[in-house]
Every structure is written in structure tokens, then in C-alpha cells.
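Structure first, then comments.
Here is how names work: the chains are called A, B, and so on, in the same order as the sequence lines, proteins then strands, and each is numbered from 1.
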Protein chains: 2
Amino acid sequence: MSDPITKAISVLREKGLRITEQRKAILEVLSKADSPISAEENHAMLVASQCDLVTVYRSLEQFVKAGVVELGVRENGTKVYCFGHGHGHHHHLTCRMCGDSERVDVCMKNELEEIARGYGYQEVTHVMEVFGVCPSCS
Amino acid sequence: MSDPITKAISVLREKGLRITEQRKAILEVLSKADSPISAEENHAMLVASQCDLVTVYRSLEQFVKAGVVELGVRENGTKVYCFGHGHGHHHHLTCRMCGDSERVDVCMKNELEEIARGYGYQEVTHVMEVFGVCPSCS
DNA sequence: CTAGCCTGTGCAAAGATTTGCATCAACAAG
DNA sequence: CTTGTTGATGCAAATCTTTGCACAGGCTAG
Ligand SMILES: [Mn+2]
Ligand SMILES: [Mn+2]
Ligand SMILES: [Zn+2]
Ligand SMILES: [Zn+2]
């Protein structure tokens with residue numbers, strides 16, 4: 001029940017999204033990764049599940065919209081995905097050499113929404129990523 | 001002298017980069033834009049200067065590395081570029097409908113570097129972008 | 001369980017961005 | 001001004017990501 005996949009599936013169902021073999025496989029891969037991964041990387045790790053790369057791109061996008069998966073960005077712009085692991089919205093500190101990453105919980109959500117409201121903006125979201133070179137790669 | 005293009009050019013020279021007609025044209029376009037623009041958009045605004053799109057991509061990347069241009073990201077992952085306008089590092093609040101943007105000076109640079117150092121990371125950088133729907137587009 | 005609706009999928013094509021390589025030209029030295 | 005070095009450019013191709021469309025299959029109603 002607290003298994004991230006099971007939880008994700010029930011949320012997807014609640015939101016009216018369909019549960020397919022492909023989506024289950026994609027979530028499976030995501031749950032095994034220990035750092036955020038890209039759509040291509042996810043697809044490469046799908047073993048028997050032969051699922052089209054396009055489907056991986058589209059499914060991950062859906063998962064983010066449904067709030068069951070968190071979206072990040074690599075320094076080169078590549079989008080990466082990971083489970084929220086119960087914490088929901090968060091950020092990452094990613095090594096630009098090896099891709100390893102640490103969770104960063106500091107966030108300016110409130111200040112940013114305040115500023116945005118000041119300019120009359122609505123439906124405010126934000127993306128933040130921190131990059132560096134990890135101890136192993138130094 | 002305080003003209004952003006002139007200033008950019010002298011910095012590029014200092015850093016050993018060459019000043020070409022193409023680069024001057026790209027900077028020119030950048031100085032006229034009132035929001036951050038992508039490489040493709042920059043290329044589309046180059047008028048007589050017939051310069052290859054690849055050159056725009058590569059030049060903008062160089063400008064960022066040299067610190068004369070600031071890099072941002074749109075919500076869909078597209079990289080966008082703008083002059084620092086004398087303020088250096090900063091962020092943007094961008095309308096996801098029309099692309100208009102406001103400058104955001106709030107920044108967690110110090111906290112983030114502190115956290116990163118805590119994990120033993122070096123050469124720390126970060127990207128942050130805020131998105132919403134502007135008053136005109138609501 | 002079955003039928004039907006409508007989302008999700010695969011394939012193909014378009015679009016965006018990066019990379020490789022031969023040639024060109026900025027600029028420093030003489 | 002002439003020359004040589006080396007970074008910058010353009011073209012072509014590879015790579016990555018999105019989009020269009022017809023068909024397949026999950027899910028709900030009966
Ligand atoms: Mn945040
Ligand atoms: Mn900042
Ligand atoms: Zn590393
Ligand atoms: Zn707008």
C-alpha cells in the first residue's frame with residue numbers, strides 16, 4: 001500500500017487515467033532508479049516490456065500532470081523524472097559529471113507565488129535545479 | 001560604453017573569444033528583445049545577417065559560458081537567453097501563454113551553495129524559472 | 001459478460017538541438 | 001601589410017523530442 005507504484009496507480013485511476021501494461025512497466029523502472037532519469041533512459045531500462053519510446057515520453061508527461069511523478073531538468077535541458085517518495089514537490093542537487101543526485105528540500109514556493117501575484121500572474125509554478133561536481137568526480 | 005553590446009564585446013575579447021559579424025548580429029538581436037528568447041527565435045530575427053542556425057546555438061552557449069548572457073529555461077525545456085542588464089545573475093517570471101516575462105531578483109544562491117558544500121559538491125550553479133499566466137492572458 | 005466509448009499506443013513524420021568535419025577568417029606576431 | 005595559428009562557421013548527419021493519425025484495448029454501463 002505504501003509501495004510507490006501501487007500508490008501511483010491508485011492516484012492515476014482516481015484521475016481517470018488508464019492503467020496499461022506499458023504504464024506499469026514505466027513506473028516499475030522509475031521505482032528502481034536511484035536518481036531522476038530521462039524518458040530515453042527509462043525506455044532503455046524497460047526490459048521485456050517492449051514499449052515504444054513515444055509512449056514513455058507521453059506517459060511520463062501524464063504522470064507529472066497527475067502529480068504522481070516529479071519533473072526535474074538536467075543542466076543541458078534534458079527533462080528527468082522521479083517519484084516524490086512521499087515528499088511531493090522537491091528539488092535536486094545533481095552532479096554534472098556522473099548524474100548522481102541528492103534531494104534538496106529548500107524551496108521558495110511561497111515567496112515566488114507572492115511575487116508572481118504582485119505582477120498579476122496566476123497558476124504559478126516553478127522549476128529549480130542545482131548542479132555541481134560530486135566528491136567522487138572531483 | 002554602458003551599451004550592453006559594446007560591453008559584451010569587450011568581455012568576449014578579454015576572454016579570448018573572437019568577434020565576428022555573426023556574433024555581433026546575434027548580440028544585436030538579443031539587445032532588442034524585451035524578453036528572453038530562444039536560439040531559433042534569435043535566428044529568425046537576424047535580418048540581413050544570414051548566419052547559420054547552428055552558429056546561433058553555439059554562440060549563445062559561448063556567451064553564457066563567458067558570462068555576458070544569462071541562460072533561462074521555458075516550462076517546456078527550451079533554453080532562452082537574455083542580457084543581464086547590469087544585474088548579472090537573475091531569474092524570470094514567464095507567462096506560459098504569451099512568453100512575456102518579468103525580472104525576478106529573489107535568489108537562493110547562498111543557501112544552495114551551502115547545502116551543496118554540505119554534500120561535498122563543488123562548482124555549484126543553479127537554474128530557477130517561475131511560470132504563470134499573465135494578466136493579459138488570463 | 002458484452003458492447004461501445006474514448007483514452008492510450010505504435011508507427012511515421014516533423015521539429016528541435018547537438019555533433020563531426022572540412023573550410024574560413026579573426027587576430028597576434030613579425 | 002603579410003603570414004600562420006587556431007577558433008568560428010556552414011553544411012550534413014545524427015540525436016533527441018514532439019506531433020498526427022489510425023488502430024487497439026482499458027473501463028464503464030447495461
Ligand atoms: Mn520549489
Ligand atoms: Mn538564482
Ligand atoms: Zn559525480
Ligand atoms: Zn501572457
Requested in this report: Give a yes or no on whether a donor-acceptor pair under 3.5 Å exists between the nucleobase atoms of D:dT6, that is its base, and the side chain of B:R18.
Outcome: yes
Query - Per A:I19 side chain, nearest of listed nucleotides D:dA8, D:dC27, D:dT17 - result: D:dC27
Report task. May I ask you to evaluate whether B:R23 reaches the phosphate of D:dT9, defined as a side-chain N or O under 4.0 Å from OP1 or OP2? Result -> yes
**Report entry** Whole-Å distance separating the CZ atom of B:R58 from the C1' atom of D:dG10
**Finding:** 8 Å
Report summary line: Atom CD of A:E21 and atom C1' of D:dC27 are separated, to the nearest Å, by 15 Å
Query - Rounded distance in Å - OH (A:Y81) to P (D:dT17) - result: 9 Å
Query raised in the report: Is the distance between the ring centroids of B:H126 and A:H92 under 6.0 Å?
Result: no
Query raised in the report: Between which nucleotides of DNA chain C, 5' to 3', does chain A make heavy-atom contacts below 4.0 Å?
Result: C:dC6 to C:dA12
Query - Phosphate OP1/OP2 of D:dT9 contacted by B:Q50 side-chain N/O (<4.0 Å) - result: no
Requested in this report: Might you work through the side chain to side chain donor-acceptor pair (under 3.5 Å) test for A:T125 and B:E75, ending with a clear yes or no?
Outcome: CA-CA 9 Å; A:T125 63; B:E75 201 164 29; 3.0 Å; yes
Report task. Would you indicate, yes or no, if D:dA8 has its OP1 or OP2 atom less than 4.0 angstrom from a side-chain nitrogen or oxygen of B:T20? Result -> no
Requested in this report: For the helix from C:dC1-D:dG30 to C:dG30-D:dC1, figure out the bend between the end axes, five pairs an end, and round to 10 degrees.
Outcome: 40°
Query raised in the report: Between the base of D:dG7 and the side chain of B:R13, is there a donor-acceptor distance below 3.5 Å?
Result: no
**Report entry** Residues within residues 32-43 of chain B bordering DNA chain C, heavy-atom distance below 4.0 Å
**Finding:** B:E40
Report task. Answer yes or no: does a side-chain N or O of A:K79 lie under 4.0 Å from OP1 or OP2 of D:dT18? Result -> yes
Query raised in the report: Start at the 5' end of DNA chain C and walk down; is the nucleotide closest to A:V54 or to A:L17 reached first?
Result: A:L17
